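For reference, the structure is listed below as structure tokens.
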Amino acid sequence: MNSELKFRIYNKLLKKCFKVTRIDYIEKCVYYINKDTEDEDIVSFEDCILLMPTGIYDSNRHEIFEGDIISYQENSFTYKKLAEIIYENGCFVARQILPKNVEIKAEKENLYLDDFKDLLCMATLSINKPIRIVGNKFTYKPSRNSSKIKITI
């Protein structure tokens, strides 16, 4: 049995993600390896966000965690899309990220745009069009080219 902790944290003070080494529930703190100093540091529960592993890997064999931003393409005829991995109702789902102008237009026209997809289903069906991690929800900034999204009504 593998005893390695697979959690990550987002340190709110340093505004970075780190790999967890220990969780102390009595002292209410998390120990992690700081890549900059190569030392084990401590952060309180209030100053971090614990991110769970999904158990699913992207095309580069990196494990996908809650809060990661992935790029995917449903088939050869659609644009690449971005989605945030969230944990909801007992499973991990990918919620599509839309440009602000599309969200504003849809809100004005009373369109429902919450596009959720089951992450495991996406991972198994994306053999021809691989899933890739492009960042996480805390540090990712979309490029100007990500506005090529079609709305189907």
Side-chain angles (χ1 to χ4, degrees), residues 1-75 78-100 102-103 106-107 111-143 145-147 149 151:
M1 183 172 175
N2 191 355
S3 62
E4 178 185 3
L5 277 177
K6 292 229 175 177
F7 289 100
R8 281 196 317 202
I9 59 160
Y10 174 72
N11 187 322
K12 295 177 188 177
L13 304 173
L14 298 177
K15 298 183 180 179
K16 291 183 179 180
C17 288
F18 299 99
K19 183 178 175 183
V20 172
T21 55
R22 295 183 280 162
I23 300 174
D24 189 339
Y25 293 101
I26 296 170
E27 298 293 325
K28 296 183 180 178
C29 62
V30 177
Y31 294 82
Y32 64 94
I33 297 293
N34 189 335
K35 293 177 186 175
D36 299 334
T37 62
E38 296 184 13
D39 292 329
E40 187 175 59
D41 287 339
I42 304 169
V43 66
S44 69
F45 283 176
E46 293 84 30
D47 294 330
C48 70
I49 299 171
L50 192 64
L51 305 169
M52 295 187 296
T54 63
I56 299 171
Y57 293 82
D58 74 349
S59 60
N60 296 324
R61 297 186 182 190
H62 295 113
E63 187 165 16
I64 299 173
F65 282 79
E66 176 185 11
D68 280 344
I69 304 294
I70 60 168
S71 71
Y72 69 98
Q73 191 170 355
E74 292 174 342
N75 57 49
T78 61
Y79 291 112
K80 282 190 178 180
K81 298 178 182 179
L82 294 176
E84 175 188 343
I85 304 304
I86 60 173
Y87 185 75
E88 188 171 276
N89 297 328
C91 66
F92 291 99
V93 292
R95 183 181 66 207
Q96 186 177 349
I97 298 172
L98 300 170
K100 288 292 178 197
V102 173
E103 286 181 9
E107 190 176 299
L111 295 175
Y112 179 73
L113 287 180
D114 257 350
D115 191 8
F116 290 91
K117 301 209 181 298
D118 178 42
L119 182 60
L120 181 59
C121 181
M122 281 177 56
T124 55
L125 294 176
S126 67
I127 296 168
N128 296 330
K129 302 293 178 186
I131 294 174
R132 289 194 175 90
I133 298 172
V134 294
N136 61 53
K137 70 179 183 178
F138 307 106
T139 59
Y140 180 75
K141 298 202 181 2
S143 68
N145 295 335
S146 64
S147 62
I149 295 179
I151 301 176

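This one's a predicted model, so the numbers in the text were calculated from it and none came from an experiment. The figures here come from the full heavy-atom set of this structure, side chains too, leaving out hydrogens, waters and symmetry mates.
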Requested in this report: Enter the distance from Ile64:CD1 to Ile85:CD1 here, rounded to the nearest 0.5 Å.
Outcome: 5.5 Å
Report task. Would you indicate whether the side-chain heavy atoms of Tyr140 and Glu84 approach each other to under 4.5 Å? Result -> no
Query raised in the report: What distance separates Phe65 CZ from Ile56 CD1, expressed to the nearest 0.5 Å?
Result: 12.0 Å
Query raised in the report: With a 4.5 Å limit on heavy-atom distance, are the side chains of Leu14 and Asn34 in contact?
Result: yes
Requested in this report: With Glu63 as reference, evaluate Lys19, Lys6, Arg8 under the salt bridge (Lys or Arg N to Asp or Glu O under 4.0 Å) test and give the passing residue.
Outcome: Lys6
Query raised in the report: Between OG of Ser71 and CD1 of Ile97, what distance do you get to the nearest 0.5 Å?
Result: 10.5 Å
Requested in this report: Would you give the length of the straight line joining atom NZ of Lys28 to atom CD1 of Ile23, rounded to the nearest 0.5 angstrom?
Outcome: 14.5 Å
Report task. List the steps, then state whether side-chain contact (heavy atoms from CB on, under 4.5 Å) holds for Leu51 with Asp68. Result -> CA-CA 9 Å; Leu51 305 169; Asp68 280 344; over 6 Å; no
Query - Value rounded to 0.5 Å, distance of CD1 in Ile33 from CG in Asp39 - result: 8.0 Å
Query raised in the report: Would you call Glu66 and Phe7 a side-chain contact if the rule is heavy atoms closer than 4.5 Å?
Result: no
**Report entry** Interatomic distance, Leu13 atom CG to Lys15 atom NZ [nearest 0.5 angstrom]
**Finding:** 9.5 Å
Report task. For residues Tyr72 and Arg132, determine if any side-chain heavy atom of one lies less than 4.5 Å from a side-chain heavy atom of the other. Result -> no
Report task. Quick one: do Asn11 and Tyr32 satisfy side-chain contact (heavy atoms from CB on, under 4.5 Å)? Show the steps, please. Result -> CA-CA 10 Å; Asn11 187 322; Tyr32 64 94; 3.1 Å; yes
Query raised in the report: Got a salt bridge between Arg22 and Glu40, using NZ or NE/NH1/NH2 to carboxylate O under 4.0 Å?
Result: yes
Query raised in the report: Side chains of Lys12 and Ile49: does their closest heavy-atom pair fall under 4.5 Å?
Result: yes
Report summary line: Smallest heavy-atom separation, Val93 atom then Glu88 atom, equals CG2-CB, 4.4 Å
**Report entry** Nearest non-hydrogen partners of Phe92 and Pro53, listed with the distance
**Finding:** CZ-O, 3.5 Å
Query raised in the report: Do Asp36 and Lys16 come within less than 4.5 Å of each other through their side chains, counting heavy atoms only?
Result: yes
**Report entry** Aromatic ring pairing Phe45/Tyr25, orientation class (parallel under 30°, perpendicular over 60°, tilted between)
**Finding:** perpendicular
Report task. Please check if the side chain of Asp58 supplies one atom and the backbone of Asn60 the other of a donor-acceptor pair under 3.5 Å. Result -> yes
